[in-house]
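Just below is one structure, and these are the notes that go with it.
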2 protein chains.
Amino acid sequence: MNSNHYIAIMAGGVGSRFWPSSTQVRPKQFLDILGVGKSLLRMTFERCTKLVASENVLIVTNERYRSLVQEQLPELPNENILGEPSMNNTAPCIAWTALHLQVRNPQAIFAVLPSDHVILKEQDYINRLTEAFTYAEHNDAIVTLGIQPTRPDTGYGYIETEDDGEAIRSVKSFREKPDHETAKSYLDQGNYLWNAGMFVWSVKTIVQAFRAHEPEILQVLTEDLDKLGGSQEQEYINRVYPNTKRISVDYAILERADNVYTIPSDIGWSDLGTWNSLHAFREKDDNDCVAIGKNIHLIESEDIIVRADDNKTVVIKGLQDYIVVDEKDALLIYPKSQEQEIKQVVQSLKGKVKSTRF
Amino acid sequence: MNSNHYIAIMAGGVGSRFWPSSTQVRPKQFLDILGVGKSLLRMTFERCTKLVASENVLIVTNERYRSLVQEQLPELPNENILGEPSMNNTAPCIAWTALHLQVRNPQAIFAVLPSDHVILKEQDYINRLTEAFTYAEHNDAIVTLGIQPTRPDTGYGYIETEDDGEAIRSVKSFREKPDHETAKSYLDQGNYLWNAGMFVWSVKTIVQAFRAHEPEILQVLTEDLDKLGGSQEQEYINRVYPNTKRISVDYAILERADNVYTIPSDIGWSDLGTWNSLHAFREKDDNDCVAIGKNIHLIESEDIIVRADDNKTVVIKGLQDYIVVDEKDALLIYPKSQEQEIKQVVQSLKGKVKSTRF
């Protein structure tokens, strides 16, 4: 393992679309959403330690989740948890990570990876990331992994690439979430990939990119450079970080830089963004049902996803196209094809219901 | 209150049709099934103490429920709980109650009442029972309360009465649960009432009836008369009671005796036998939904009954004709019109699932 290689796992999201399982108190990445005995974060961490030593893994998350991270990743050094004092989107949090690593190791190359995605083809994933690390080490390049689209999904951003058949391609443009027609044309054209939020770059390259395209963020975070990397870093960050501009790294850097490359990656990826994507991802029974829980009994039900504690006996008859999710203090029974409404329903209950579920 | 009057509340049933709320460990009568803050047993007890002193209330139940009774009726003297060592149906348990009271007070008149029914018109109930007590005190009579049928229900036994317009009528016959056609003809004829399992008689009359119609049961229970009524009674009963014939009081006595009378009773009665009857009984919202629980949110749902703990947030969209019952370790989502299957489904899970829910 190359000691200059680092991985920063982004674990600050709140995952409100997985209500009632995912909540602000314990969002999706900290849950065993697949029912395999490990949280998504834990699985991501274990994948990453096949590429870099655990000392070279950073978890960037909201400060309030520090104890959850410590609990789930006991082997991680505490100083490798970067606790954001506020939610300022991805650009400030990546800038901080870069500045933090610059102090630790100016030669650092680091990947930024989501904590809550599923990867089915782990070896391919490791191979693509290894290629990305190598490319970023030898070039002043912003490298992204691009996922071959399988459907005209309107929920993702797209990467328009040079269709030159290379393993590492130049990026022509980043495209926001498209409408259905546009997404279909992207698929037809063949040179568009999904942006899965996976990036690799050297500290030098990304700091330079911030200097060029979003210097304000660097300015705020480097007000007192001496404080970075030492024992006073967290206290310092707590003070200055909230003043950074709230902007995504896609807007701030990727759409503006001209040294962006992408590696088309067939890695069995799912962002597990919704109950439907979990249903699509999991193995189904003969009636297209997915049951996560050891004691779920389905009778004449079709195309439903049920999630409950292993100790809970669930008996369901006659449901079609439903999501049924049972948590200790909340139960959701909702048409699967209408799940995009759930976020709003939960929002409308906030304030009305006194519960940590909201 | 007449100190010769007693009430024996039958609280030994297992109520398997109210799964998953009702279980063998804590059957229906011990639950706050209506969501009013009191169990059905507690409500029955409180009604009874408007007729007789709490010292004159007996609870006849399975021995294993003794602590539940003590917990829910702390003011009841412990010796007023008659704990059946086995489930031998109602005839042996009424015979024991009669023999027990005979020792305590040979002049006793006592009512036998179910513990798990609902009475909406309490004053009418008290008035009818008072009439029954008075009649049983002055006549060698088995008095039952008969409920005016409102539908051709096939789930109840019927009492055929002399249609003489009297407040207390002679009974011509008891009829088992009829088929639908027969039930309809009973309604058309007008002189049939539902048998709600509410009886009043003197100790003298009911012991004499057992002597005449089911002497074996008396024989088994009076093997050693001295043991009844004293400190050795429970131990004695534990030994002899399991040897009594397993038969209902309807078969053993009511269908055979010729001194049976009934008081037509308009008392707002429901036996709350099923989730459907609970749905029928409870006030419904504009969409015919019943929600028992303080935190249930129904969207575009019709004709459903939902029961959950007050602390559980429940969100349901788009269900029609459903029963949704959430308990700590079990969740049922079942078509309401198919609820007669639930008993069998639960039966089939027994043994498969390790849980006190079964």
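Predicted, not measured: the structure shown is a model, and the values here were computed from it. Protein chains get the first letters and strands the later ones, always in sequence-line order, with residue 1 at the start of each.
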Between Ile296(A) and chain B, which part of the residue has a heavy atom less than 4.5 Å away: side chain, backbone, both or neither?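 Answer is neither: Ile296(A) stays 4.5 Å or more from chain B.
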Give, as side chain, backbone, both or neither, the part of Glu341(A) having an atom under 4.5 angstrom from any heavy atom of chain B.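 The side chain, not the backbone.
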Euclidean distance, Ile304(B) CD1 relative to Ile333(A) CD1, rounded to 0.5 Å: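 Going from the CD1 atom of Ile333(A) to the CD1 atom of Ile304(B) covers 7.5 Å.
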For Lys328(B), is it the side chain, the backbone, both, or neither that has a heavy atom closer than 4.5 Å to a heavy atom of chain A?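 It is the backbone, since no side chain atom gets that close.
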Under 4.5 Å from any heavy atom of chain A - which part of Gln338(B):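 Side chain of Gln338(B) only, per the 4.5 Å heavy-atom cut-off to chain A.
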Just so I understand: if I count every heavy-atom pair under 4.5 Å between each of Ile342(B), Leu332(B), Val346(B) and chain A, which residue has the most?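 Looking at each of Ile342(B), Leu332(B), Val346(B) in turn, Leu332(B) comes out on top.
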For chain B, the option from Asp309(A), Asn295(A), Val345(A), Asn311(A) that forms the most heavy-atom pairs under 4.5 Å: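 Most heavy-atom pairs under 4.5 Å with chain B: Asn295(A).
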Which members of residues 312-325 of chain B, sorted by number, sit under 4.5 angstrom from chain A on a heavy-atom basis?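 Under the 4.5 Å heavy-atom cut-off, Lys312(B), Thr313(B), Val314(B), Val315(B), Ile316(B), Lys317(B), Gly318(B), Leu319(B), Tyr322(B), Val324(B) qualify.
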Exceeds 12 heavy-atom contacts within 6.0 angstrom, atom CZ of Arg282(A):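 Yes.
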